[in-house]
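A short worksheet on the structure shown next.
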Amino acid sequence: MLALLGFLTIAIFLYLILSKRVSVIVALILVPVILGLFTSDRGKLGQMILEGVSGVAPTGIMLAFAILYFGLMNNAGLFDPIISRVLKLVKGDPLKIVIGTAIIAMVTHLDGSGASTFLITIPALLPLYDRLGMSRLVLAGVVALGAGTMNIVPWGGPTARAASALGVDANDLFTPVVPAMIVGLIWVLFSSYILGKRERKRLGVQELDYNFNQELSEAEMKLRRPKLFWFNVILTLITLIALVKVWLPLPIVFMVAFAIALIVNYPNPKEQQERITDQATGVITVVSIIFAAGVFTGVLSGTGMIEAMAKSLVSVIPDSAGSFMALIVAITSMPLSLVFTPDAYYFGVLPILSETANAYGIAPVEIGRAAILGQMTTGFPLSPLTASTFLLIGLAGVELGDHQRFIFKWAFGTTIIMTIVAFITGAITLF
């Protein structure tokens, strides 16, 4: 019963947002609450929701101040030289811009953090995309592809979780799949080439004699702080280093950085309030979705739906398919990112799958390698169960359903390509 309710909750939620029947926030809150009323623990529904919301509160705070910080940096002109230089290099060619976007996403995701990747790439590149009339879905999708494939690194969340859940060394999981990951990254560049070519065909190559400052309105010029450019660069670098090194809890890093940036760039209290108000819409949109996602995960976890779904998935696997477990895990890993949180999959589903595969002589480490080819790697920037996804679409200004429809096949294709290479190189075996 619980498993059925769980799958029904996921199915209704995806249908509602993909068909745009209701907003994401409404679906995240009402669907699990209504279905949760049919469980035996409905009396504890309020407590489950509160626990779920409390769990995402630090993320919501971080995202709120991150949006405020980078919005402020954009107003002050931090990204102006980058945009101007890139425009001159690519000469208004959408194809080169899209490929460059993929490379930037890969490089910035070397720290294994989706949040920092999106916070760096989207604010820097969005004005460039808007200036040339390029699709924001392409921006969000290509960044998702680059960051998702890079998320296989050992210090990333999925590989670390898989290693912990299966009791194996993270390097034993990662090293054998390096060839598959490299091919996956090449596939991402190829996908970016195809998407960029479409944008070039749609928009053409714009030969621009471009002076970025001349394109700014009088109001935007008044907000620029060219004399504080290097201060803002150093502050941003220190902020990003603090995020990677975790010198302070992530929400505190952005709170402190924003306060310093605000008082230095705009010392007048009235200007400070105007800058905060200017970013209010973006902050409210993203943060409200984050807390709504807390309701969704809180109900699914608290009622036991996630655990029940995991067990039901394993029970439907026929004995004859046991020897193909690694293949099954690899192929389903990316789509299941839309169903299970990373903790639920790696600590709930994966051990059961591993134990089942072990009965057929397949080592746990192979099941772990198969899982990281897609589960919350290529799949995490599309999943409604991760805060980073909402940060990505919030910064890019696109709808979740549109983003999922646009990039799903490319992300799934990346997992399939990596799975094939993993079998060829012996990282995972068929029998």
Side-chain angles (χ1 to χ4, degrees), residues 48-74 78 108-124 147 150-151 153-161 163-164 170 231-265 272 275-276 279-280 282-298 301 341-344 346-347 376 380-381 383-395:
M48 297 174 196
I49 293 172
L50 185 59
E51 289 176 356
V53 172
S54 299
V56 300
T59 300
I61 295 170
M62 182 197 73
L63 297 185
F65 282 93
I67 292 171
L68 287 171
Y69 178 82
F70 282 102
L72 183 69
M73 288 294 104
N74 188 46
L78 176 64
T108 55
H109 201 76
L110 283 169
D111 65 353
S113 170
S116 64
T117 299
F118 303 150
L119 287 166
I120 294 169
T121 56
I122 302 298
M150 283 295 294
N151 209 37
V153 293
W155 51 90
T159 302
R161 284 182 175 90
S164 176
F231 169 82
N232 288 330
V233 168
I234 293 171
L235 177 61
T236 301
L237 289 174
I238 292 174
T239 300
L240 295 176
I241 292 171
L243 289 172
V244 175
K245 297 292 185 180
V246 196
W247 289 343
L248 291 170
L250 300 190
I252 305 302
V253 171
F254 275 115
M255 291 175 74
V256 173
F258 173 68
I260 294 172
L262 187 62
I263 197 170
V264 172
N265 286 274
Q272 293 174 6
R275 299 283 55 77
I276 294 172
Q279 304 298 327
V283 171
I284 292 173
T285 300
V286 174
V287 173
S288 59
I289 289 177
I290 293 300
F291 285 116
V295 176
F296 190 85
T297 56
S301 298
T341 64
D343 288 336
Y346 283 105
F347 296 117
M376 287 303 171
F380 95 87
S383 175
L385 305 177
T386 61
S388 293
T389 300
F390 295 107
L391 176 61
L392 171 64
I393 63 174
L395 291 172

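The side-chain hydrogen bond (donor to acceptor under 3.5 Å, both in side chains) check on Thr236 picks up Tyr69, with sequence neighbours excluded. For Pro58, the side chain to side chain contact (heavy atoms under 4.5 Å, CB included) partners are Pro251, not counting sequence neighbours.
Looking at Asn265 and Met73, their side chains come closer than 4.5 Å, going by heavy atoms from C-beta outward. You'll find the side chain of Val253 stays beyond 4.5 Å of the side chain of Trp247, heavy atoms only. Taking 4.5 Å as the limit, some side-chain heavy atom of Phe380 sits within range of a side-chain heavy atom of Ser388. Annotation: side chain of Phe291 is not in contact with side chain of Val295 (no heavy-atom distance under 4.5 Å). Put simply, the side chain of Thr121 does not reach to within 4.5 Å of the side chain of Leu395, judged on heavy atoms.
Scanning all heavy atoms of the two residues, the minimum distance from Ala64 to Val287 falls at CB-CG2, 3.6 Å. The shortest heavy-atom contact between Leu235 and Ala257 is CD2-O, 3.9 Å. Summarising the geometry of Pro381 relative to Phe118, their closest heavy-atom pair is CB-CZ, 4.2 Å, with the distance given to 0.1 Å. Contact between Ser383 and Met376 at its shortest, heavy atoms only, is OG-CE, 3.4 Å.
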Next item on the list: Take Leu262 and Ile276 through the test side-chain contact (heavy atoms from CB on, under 4.5 Å) and record every step on the way to the result.
Entry: CA-CA 9 Å; Leu262 187 62; Ile276 294 172; 4.1 Å; yes

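Distance check, rounded to the nearest 0.5 Å: CG of Leu248 to OG1 of Thr239 gives 10.5 Å. With rounding to the nearest 0.5 Å, the separation of CG in Leu392 from OG1 in Thr117 is 10.0 Å.
In the displayed structure, Ile263 atom CD1 is contacted under 6.0 Å by at most 12 heavy atoms of other residues, nucleotides or ligands.
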